[in-house]
There are 4 protein chains.
Amino acid sequence: MDAIFEATIQLLLADGLPRLTTTRVAERAGVSVGTLYQYFPHKQALLYALNERYLDALADRIEATCLAHHGVSLRVMIDALIETYWKAKTERADVTRALYRTAVELDNEALIEDFAARVDAATLAMLASASDWTGQDLAGINLTLVTVIFGTVRNAFERNLPPAAIETLRDHLLRMCHAYLSSAGKRHGPADVGG
Amino acid sequence: MDAIFEATIQLLLADGLPRLTTTRVAERAGVSVGTLYQYFPHKQALLYALNERYLDALADRIEATCLAHHGVSLRVMIDALIETYWKAKTERADVTRALYRTAVELDNEALIEDFAARVDAATLAMLASASDWTGQDLAGINLTLVTVIFGTVRNAFERNLPPAAIETLRDHLLRMCHAYLSSAGKRHGPADVGG
Amino acid sequence: MDAIFEATIQLLLADGLPRLTTTRVAERAGVSVGTLYQYFPHKQALLYALNERYLDALADRIEATCLAHHGVSLRVMIDALIETYWKAKTERADVTRALYRTAVELDNEALIEDFAARVDAATLAMLASASDWTGQDLAGINLTLVTVIFGTVRNAFERNLPPAAIETLRDHLLRMCHAYLSSAGKRHGPADVGG
Amino acid sequence: MDAIFEATIQLLLADGLPRLTTTRVAERAGVSVGTLYQYFPHKQALLYALNERYLDALADRIEATCLAHHGVSLRVMIDALIETYWKAKTERADVTRALYRTAVELDNEALIEDFAARVDAATLAMLASASDWTGQDLAGINLTLVTVIFGTVRNAFERNLPPAAIETLRDHLLRMCHAYLSSAGKRHGPADVGG
DNA sequence: CATGAATGAGTGTTCATTCAT
DNA sequence: TATGAATGAACACTCATTCAT
């Protein structure tokens, strides 16, 4: 079954969704079509499972990061969050893009909502434990951070920016989040003055 | 030809890309398939033109906004930029999503790059004219603002957030951009303190 | 479309239903599969239409026979009815059998009921006009005659009886019907004594 | 093996031949496909055996009836024959119809011929022993009776006639056979006058 | 001897595209 | 130039059958 997933991703990357046929997936995975259909009742089910697997793994990583950073300062939290998400995207940037393309034939809203819910909960819990937080409306701030970070990273990768620009962008994104938190209620200890 | 575009969007919204056939588009548009093929040599060409039209119109609006805001303060610029993009997305949120789904069958990287280039140029020129700018690395800041704003807005709409959350988010996004600019080198005039 | 019907019958006769594929039908008919599907939305629709055509034609013939024999004696009526049905079966005995085999993939009860209703009505009207009828329960007699004649003829052909046996059978069937009518209330004119 | 037969009939009745797969038969029978293939080398073999079993049992019953009525009057013989066949059909009318549908995938002419031969022999022997027979051409009469009775009964059940009509029909069929025999050479004892 | 995962040829069906009218 | 019937390659999916365990 992992072979099937792997084959699917490879074909998606090589030829795109329109040329992704069950027969070719099976062939590349080294199994017969029949076997593929024993694991997945539809082509859609395969695509869905692939997305699920990816999003679950990503959520796992984000949850782990959040859990590992309870109680630290907001700055460190944001650094860690961006680092984790950025790394996940960078490591398999191609896979990520391949999966985005998959969404057309899918009703994966449930998947995305589940993912978002897990991430929201994890980041919210982390932020709530921050050692230097004094402000209010944590939920709004959490929503903003998550949406901005994820949206920005995705956009950055979709635009095919050159690595240098990507680096710059990441750096600026960090600073932006810090500036935002400073202005939004972080306790202004001396270390943070100047964002 | 406009009828064809309109029919395409309607079908895309109603049934999704997988059920978008040239025959049905022609039918809905009130022409024959043959005629459709007179205008567009491929199905892809139709989809490509549709995206092009949409992105061109969007770029037009952004350029207009930028042009109209040369010389004002950064804060006003950012407000205008977010306002414009947000409005464009909101007005035809469904169409936007329909078109995103269209991308699978397309090699529309060129389209996106053209769009990005136009927007980058327009926003950069606008920012460069800001009355209250003192910092450096304008290009980096421009890239960051554009990527963050567009990525965030897209993400917000894709997540199907409730209107209240969307409003909150927009408000926070604004504040985030302001905080970022303040920290990045905006001339600290009295009016902006506390951004 | 007639070519498609003809091709279907030929293939049915040559290879049986299990090997009747839409592709082969189209091939044999000299059209493309696509064209076949323009005429018939399903394989089932093709089979259904084929049966419909056959049963309609058969009902037409039986109705014509009945109409042509209003007012004559019962004996002549029966002769004509058996003659017509027998001839229809004999003429295209193979087609008939081919179509029977078709029924598996079909919900053709409606078809059969329509056919039966038409035949029942036609024969009933004919019998009611008989010059020599004195008995009662015409409906029961009609039902019996129709069921016996059609059931017997079908059975005879399905059993693959040799032509000689078939002839004998037909002769006996006639006599049987006459004897039945004599006993059931036919006016006993001298001509009919001894059935 | 009986479980397999039973499962086959159940599935045939529930879903029809097109949805009858070896896997489902095995499942329903509580065995594995492998085991099913130990008993029957093909799917066809299973269907063939099923028909064989059914026809053998039916022939058994008819033979028993015939044997039990040697030496009695023709009228009683006919009554018994119709009774037996009618009962067999009525008892498992659904099974009967299920099996008819099975024939498409089968070359069961041999089966039918064997059945017919057994029945013909049994009824012929019975008729030959009739206490009141004086006519000739017993073979022709036998063929006629068997074909008419079996054809009629089958037709009656296939037409889905309401129970009342079925009863009427059966009654008329009896009278028809009697009238036929009377006219064909039965010794005219007083008891039989008036058919 | 029983199992049931694996096989893959074969099926019904769709749809982008063409071209005679 | 507009039409839409015809095309046929290509696809998702099924299921009788096999064979390693």
Side-chain angles (χ1 to χ4, degrees), chain A residues 1 3-4 15 17-27 29-47 105, chain B residues 1 4 11 15 17-27 29-47 105, chain C residues 1 3-4 15 17-27 29-47 105, chain D residues 1 4 11 15 17-27 29-47 105:
Chain A
M1 237 182 72
I4 294 175
D15 306 321
L17 181 63
R19 302 195 52 199
L20 187 84
T21 73
T22 49
T23 308
R24 291 177 76 209
V25 169
E27 223 163 50
V31 299
S32 68
V33 222
T35 299
L36 187 154
Y37 275 88
Q38 218 130 34
Y39 287 105
F40 306 99
H42 314 296
K43 189 187 177 187
Q44 279 214 17
L46 165 61
L47 261 20
E105 299 200 346
Chain B
M1 232 182 74
I4 295 175
L11 288 176
D15 305 320
L17 181 63
R19 302 190 52 196
L20 186 84
T21 71
T22 50
T23 307
R24 291 180 78 209
V25 168
E27 221 164 51
V31 300
S32 70
V33 225
T35 301
L36 188 153
Y37 274 85
Q38 216 96 38
Y39 288 103
F40 306 98
H42 314 293
K43 190 187 178 188
Q44 281 215 15
L46 165 61
L47 261 19
E105 298 200 347
Chain C
M1 231 181 77
I4 294 175
D15 305 321
L17 181 63
R19 301 194 52 200
L20 186 83
T21 72
T22 50
T23 309
R24 292 177 75 208
V25 168
E27 223 163 50
V31 300
S32 68
V33 223
T35 299
L36 188 153
Y37 274 88
Q38 218 130 34
Y39 287 105
F40 306 98
H42 312 298
K43 189 187 178 189
Q44 279 215 17
L46 165 62
L47 261 21
E105 300 200 346
Chain D
M1 232 180 76
I4 295 176
L11 289 177
D15 306 321
L17 182 63
R19 301 191 51 195
L20 186 84
T21 71
T22 50
T23 307
R24 290 179 79 210
V25 168
E27 221 164 51
V31 300
S32 70
V33 225
T35 301
L36 188 153
Y37 274 85
Q38 216 96 39
Y39 289 103
F40 306 99
H42 314 292
K43 190 188 179 188
Q44 280 215 17
L46 165 62
L47 260 21
E105 298 201 346

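Throughout, protein chains are lettered first and strands after them, A, B, ... in sequence-line order, and every chain is numbered starting at 1.
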Discussion item. Distance check, rounded to the nearest 0.5 Å: C:Ile4 atom CD1 versus C:Gln38 atom CD?
Written reply: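 With rounding to 0.5 Å, CD1 (C:Ile4) is 10.0 Å from CD (C:Gln38).
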Starting at atom [atom1] of [X], determine the distance to atom [atom2] of [N], rounded to an integer number of angstrom.
X	N	atom1	atom2	answer
D:Glu27	E:dA2	CD	C1'	16 Å
C:Ile4	F:dT7	CD1	P	10 Å
A:Leu36	F:dT14	CG	P	12 Å
D:Arg24	E:dG4	CZ	C1'	17 Å
C:Tyr39	F:dT7	OH	C1'	13 Å

| Where DNA chain F forms stems, i.e. three or more consecutive Watson-Crick or G-U pairs with both distances under 3.5 Å |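 Stems (3+ consecutive pairs) listed as E:2-21 with F:2-21.
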| query | If you look at every heavy atom in D:Tyr37 and D:His42, which pair is closest and at what distance? | reply |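 Residues D:Tyr37 and D:His42, closest heavy atoms: CE2-CA, 4.5 Å.
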*Taking all non-hydrogen atoms of both residues into account, name the closest pair between C:Ala29 and C:Ala3 and its distance.*
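Where C:Ala29 meets C:Ala3 most closely, the heavy atoms are CB-O, 3.6 Å.
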Side-chain polar contacts of residues 18-27 of chain B - donor-acceptor pairs under 3.5 angstrom, sequence neighbours left out - could you list them?
{"from": "B:Thr21", "atom 1": "OG1", "to": "B:Arg24", "atom 2": "N", "distance (Å)": "3.1"}
{"from": "B:Arg24", "atom 1": "NH1", "to": "B:Asp15", "atom 2": "OD2", "distance (Å)": "3.3"}
{"from": "B:Arg24", "atom 1": "NH1", "to": "B:Arg19", "atom 2": "O", "distance (Å)": "2.7"}
{"from": "B:Arg24", "atom 1": "NH2", "to": "B:Asp15", "atom 2": "OD2", "distance (Å)": "2.7"}

* **Listed nucleotide nearest any side-chain atom of B:Gln38, set E:dT3, F:dT1, F:dG4** =>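 When the side chain of B:Gln38 is considered, F:dT1 is the closest of E:dT3, F:dT1, F:dG4.
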Margin query: What's the closest nucleotide to the side chain of A:Ser32 if the choices are E:dT7, F:dA2, E:dA2?
Written below: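 Looking only at side-chain atoms, A:Ser32 lies closest to E:dT7.
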Reading nucleotides 16-21 of chain E from 5' to 3' and marking B where a protein heavy atom lies under 4.0 Å of the base, S where only the sugar-phosphate is that close, and - otherwise, the string is BBB---
Pick the closest DNA chain E nucleotide for C:Arg19 and for D:Val31 by heavy atoms, then say which residue is nearer the 5' end.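 The residue mapped nearer the 5' terminus is D:Val31.
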For this session: Go through the structure and list residues passing ring pair (Phe, Tyr, Trp, His ring centres under 6.0 Å) with B:Phe40, not counting sequence neighbours.
Result: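 With neighbours one apart ignored, the set is B:Phe5.
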**Request:** Could you tell me which residues satisfy side-chain contact (heavy atoms from CB on, under 4.5 Å) with A:Ser32, sequence neighbours excluded, listed by chain and number?
**Result:**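 In terms of side-chain contact (heavy atoms from CB on, under 4.5 Å), with neighbours along the sequence ignored, A:Ser32 is linked to A:Thr35.
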